[in-house]
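Note sheet for the following structure.
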Amino acid sequence: MSSTELPGIRAAAAAAAPPAGAAGTTAGEETRSVELPGLTLSVRSRPAPDPGAPPALYVHGLGGSSQNWSALMPLLADAVDGEAVDLPGFGDSPPPDDGDYSVTGHARAVIRLLDAGGRGPVHLFGNSLGGSVATRVAAVRPDLVRTLTLVSPALPEIRVQRPAVPTGLLALPGVASLFARLTREWTAEQRTRGVMALCYGDPARVSDEAFRHAVAEMERRLELPYFWDAMARSARGIVDAYTLGGQHGLWRQAERVLAPTLLVYGGRDQLVSYRMARRASAAFRDSRLLTLPDAGHVAMMEYPEAVAQAFRELLDECGGS
């Protein structure tokens with residue numbers, strides 16, 4: 001059976017790949033493992049020159065890792081004491097003992113990390129899945145969040161973008177293992193080009209060096225025995241979160257967020273509709289909006305300077321703390 005015999009297989013497999021980012025650590029970064037009961041989290045940090053700088057925590061999206069914030073973190077190192085977490089089962093964090101990859105499960109991991117480190121309240125950043133996770137954290141634990149910055153947050157849409165549909169297929173039982181079998185002949189380079197085409201507004205903005213690093217990271221991820229399971233369960237978690245109603249619904253929780261919120265949307269985002277910017281602006285009670293017409297799904301990687309400037313303006317509005 002060839003991959004062309006299953007509609008959307010190429011797009012879905014590409015969506016399961018991590019966005020391009022620098023492999024390992026870049027200059028000025030450190031990594032450590034945080035051991036919690038039933039959970040081990042890898043944390044990437046970029047300490048601020050000012051020991052009194054307020055703390056920040058960055059949360060990546062589906063298939064990503066803490067590396068997805070390595071372009072933005074140095075631009076804000078003088079303003080915040082930044083840490084980026086690898087969610088359970090992603091990056092260098094092993095799967096959680098309880099196998100809970102729901103949005104609530106990921107949010108609980110973030111909350112436990114913040115509680116254990118005593119770093120809250122933090123300036124909380126989230127992209128895609130990380131945006132829905134950060135929204136839930138801000139709603140249920142307002143004491144942990146100073147400000148909220150959401151880059152293309154995965155919030156429920158009535159009309160899902162067509163390129164995003166194959167990602168949802170990963171949530172179906174058995175589909176992830178089918179993807180793994182059908183795409184086992186694909187090279188890491190082919191997979192990386194596919195995810196760049198899906199996640200970037202303009203893949204040409206990725207440098208040759210960044211592309212090589214992304215391919216190396218792809219090769220490493222595909223060797224992990226739990227890679228596809230983590231992808232499938234997390235995709236299922238997003239789908240489940242989209243269907244929740246009442247007080248647990250993500251839009252209802254967005255309305256409960258008290259923290260000043262910066263929303264960032266890309267005009268060329270193929271996974272989160274640019275149209276959702278207006279609804280999000282209305283839902284978050286204290287929000288401001290940055291729209292980047294040429295950006296895709298990972299604006300903090302494509303246009304880190306613009307995102308950093310918008311956050312600095314938010315910080316100024318909040319008195320710099």
Side-chain angles (χ1 to χ4, degrees), residues 16-48 55-74 76-77 80-120 122-134 137 144 151 195 210 213-234 237 298 300-301:
T25 58
T26 60
E29 289 184 350
E30 304 169 355
T31 60
R32 73 181 194 281
S33 290
V34 178
E35 301 283 344
L36 300 169
L39 191 66
T40 299
L41 296 174
S42 178
V43 177
R44 181 180 307 269
S45 63
R46 181 174 284 275
L57 183 69
Y58 303 84
V59 187
H60 64 80
L62 181 67
S65 74
S66 58
Q67 296 176 27
N68 295 160
W69 299 100
S70 289
L72 181 63
M73 289 174 70
L76 296 177
V80 297
D81 182 13
E83 292 188 342
V85 62
D86 285 332
L87 291 173
F90 295 96
D92 290 323
S93 293
D97 287 357
D98 62 5
D100 187 353
Y101 288 99
S102 66
V103 170
T104 297
H106 285 312
R108 188 179 299 119
V110 170
I111 290 171
R112 291 177 62 190
L113 174 66
L114 292 174
D115 279 341
R119 282 173 56 83
V122 299
H123 295 288
L124 186 61
F125 293 72
N127 168 236
S128 192
L129 164 63
S132 59
V133 169
V137 171
L144 292 178
V151 181
V195 75
H213 286 322
V215 171
E217 174 64 8
M218 178 73 71
E219 292 172 339
R220 186 190 73 82
R221 299 274 189 95
L222 291 171
E223 292 177 355
L224 298 175
Y226 53 82
F227 172 77
W228 285 104
D229 185 59
M231 284 296 310
R233 290 174 181 260
S234 292
V298 287
M300 73 285 187
M301 299 174 74

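Val298 places none of its side-chain heavy atoms less than 4.5 Å from the side chain of Asn68. Under the 4.5 Å side-chain criterion, counting only non-hydrogen atoms from C-beta, Thr31 is not in contact with Asp92. With a 4.5 Å cut-off on side-chain heavy atoms, Pro55 and Glu83 do not count as touching. With contacts defined as side-chain heavy-atom distances shorter than 4.5 Å, the pair Leu113/Val43 qualifies.
When all heavy atoms of Leu62 and Phe90 are compared, the closest pair comes out as CD1-CZ, 4.2 Å. In terms of heavy-atom proximity, Ser132 sits nearest to Leu129 at OG-O, 2.7 Å. Nearest heavy-atom pair, Pro88 versus His106, reported as atom, atom and distance to 0.1 Å: CD-ND1, 3.6 Å. Across all their heavy atoms, Gly89 and Ala230 have their closest contact at O-CB, 3.6 Å. The heavy-atom pair separating Arg220 from Gly91 by the smallest distance is NH2-O, 3.1 Å. Shown here for Pro95 and Tyr101, the closest heavy-atom pair between the two residues is CB-OH, 3.1 Å.
For Ala56, the side-chain contact (heavy atoms from CB on, under 4.5 Å) partners at least two apart in sequence or on another chain are Tyr58, Val80, His123, Phe125. Listed by chain and number, the residues in a side-chain hydrogen bond (donor to acceptor under 3.5 Å, both in side chains) with Thr104 are Arg136 (sequence neighbours excluded). Residues forming a side-chain hydrogen bond (donor to acceptor under 3.5 Å, both in side chains) with Ser66 (at least two apart in sequence, or on another chain): Arg44, Asp86. Residues that satisfy the side-chain contact (heavy atoms from CB on, under 4.5 Å) test with Ser33, not counting sequence neighbours, are Thr40. Every residue was checked against the salt bridge (charged side-chain N to carboxylate O under 4.0 Å, His left out) condition with Asp97, not counting sequence neighbours, and none meets it. Take His60 and apply the side-chain hydrogen bond (donor to acceptor under 3.5 Å, both in side chains) test, not counting sequence neighbours, and it matches no residue. Ser45 is linked by a side-chain hydrogen bond (donor to acceptor under 3.5 Å, both in side chains) to nothing, counting only residues two or more places apart in sequence or in another chain. Residues satisfying the side-chain contact (heavy atoms from CB on, under 4.5 Å) test with Arg112, not counting sequence neighbours, are Leu36, Pro37, Leu39, Arg108. Every residue meeting the side-chain contact (heavy atoms from CB on, under 4.5 Å) condition with Pro74, not counting sequence neighbours, appears here in chain and number order: Arg46.
Here the CE-CG distance, from Met73 to Asp81, works out to 9.0 Å after rounding to the nearest 0.5 Å. The distance from atom CE of Met231 to atom CZ of Arg221, rounded to the nearest 0.5 Å, is 9.5 Å. For the atom pair CZ (Arg119) and CG (Leu57), the distance works out to 7.0 Å, reported to the nearest 0.5 Å.
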- Item | Verdict with supporting geometry, Val133 and Val110, side-chain contact (heavy atoms from CB on, under 4.5 Å) | CA-CA 8 Å; Val133 169; Val110 170; 4.0 Å; yes
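Counting only distance, with no hydrogens or angles, the side chain of Ser65 and the backbone of Gln67 share a donor-acceptor pair below 3.5 Å.
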